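Just so we're clear, the structure is a prediction, and the values are computed from it rather than from any experiment. Counting starts at 1 for both ligands and their atoms, in listed order.
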Amino acid sequence: MRVLKFGGTSLADAERFSRAADIIVSNQGQSDVSAVLSAPAKVTNILVSVVDNTVKHGEAELPLKELESLFTDLFHGLAERQPNLDTQPLFDKLTRSLGQLRQYVHGMSLLGLCPDSTYARVVSKGERLSVAAMHALLEARGYAVFDIDPVNYFAASGSYLSAEVDIEASSQRFKQSPIPEKHIGLMPGFMAGNENGELVTLGRNGSDYSAAVLAACVRAECCEIWTDVDGVYNCDPRLVPDARLLKSLSYQEAMELSYFGAKSCILKPLRQLPGSIFLA
Ligand code: ASP
Ligand code: MG
């Protein structure tokens, strides 16, 4: 089994979604594959503003409309690329998700606050829609797909918003209900289930952790985290237009970068200052 993870920027629109599907399918030729998906870019932040707007102003129509148009564009874009894709179930799912979100908004506006358990359910909606879209796309391409629901498979404990997964207990669940052979497994990242079977999240950017946990549970031969940049840059290419791709990086340097949280680090050009990192 190979585990592949695609983050939000790799699923930002129909073109990128299709490219992620191509990568999943080409890996499926080598051995069985499971893919862990994030919400499309921006979606989790929009869901966070659904909560924030509701708690502050008692309503969240603007971010809800934004979500609706973002997924509507995505589904139409996928159907253009894959004409036999039936978008009706996707739009039905989107309608149901928006309906649930409006119910949460109603509840939160009455309370004037958002309990953590509700917050977890709201902010994890994007991952589920990603999986629904990828499921439809892969089935339209003729592949058998198995949905892995992390609320059932990942046994977690701790807080609702930053839970930890028990790998031993979760591995047992995969042994009891294995991913069927010759199926592509699809799992929404970022979430798990607690001892009461309630949905919990694994913290912001938790989908990498989801992928690592899935790989450990199924004893995968590899876990690949796919991203939309060509490698490690000397600074954030979204902020610095002439950011340079580094030709090489030692393990030590990579460890230092991850230790300091790569996104907030600038690596000085290696030729001038080998191995030095500076916090931005
Ligand atoms: N979508 C979640 C987030 O933006 C989890 C993830 O993408 O890793 O934090
Ligand atoms: Mg990420």
Could you tell me which atoms of ligand 1, counted from 1 in the order shown, lie closer than 4.0 angstrom to a heavy atom of [X]?
{"X": "Ser207", "answer": "5 (C), 6 (C), 7 (O), 8 (O)"}
{"X": "Arg204", "answer": "3 (C), 4 (O), 9 (O)"}
{"X": "Ser38", "answer": "6 (C), 7 (O), 8 (O)"}

Is the backbone of Asn152 close enough, under 3.5 Å, to the side chain of Arg173 for a donor and an acceptor to pair up by distance?
yes

Return the set of residues passing salt bridge (charged side-chain N to carboxylate O under 4.0 Å, His left out) with Asp149 (not counting sequence neighbours), or none when no residue passes.
Arg128

Decide yes or no on side-chain hydrogen bond (donor to acceptor under 3.5 Å, both in side chains) for His76 and Glu80, but give the supporting numbers first.
CA-CA 6 Å; His76 282 143; Glu80 267 168 38; over 6 Å; no

Less than 4.0 Å is my threshold; does some heavy atom of Gly206 fall inside it relative to ligand 1?
yes

Any nitrogen or oxygen of Asp208, main chain or side chain, under 3.5 Å from a nitrogen or oxygen of ligand 1?
no

Using distance alone, decide if ligand 1 has a nitrogen or oxygen within less than 3.5 Å of any nitrogen or oxygen in Lys5.
no

Ion pair Glu59/Arg102, N-O distance below 4.0 Å:
no

Got a sec: does the NE2 of His106 have more than 12 other heavy atoms crowding it under 6.0 Å?
no

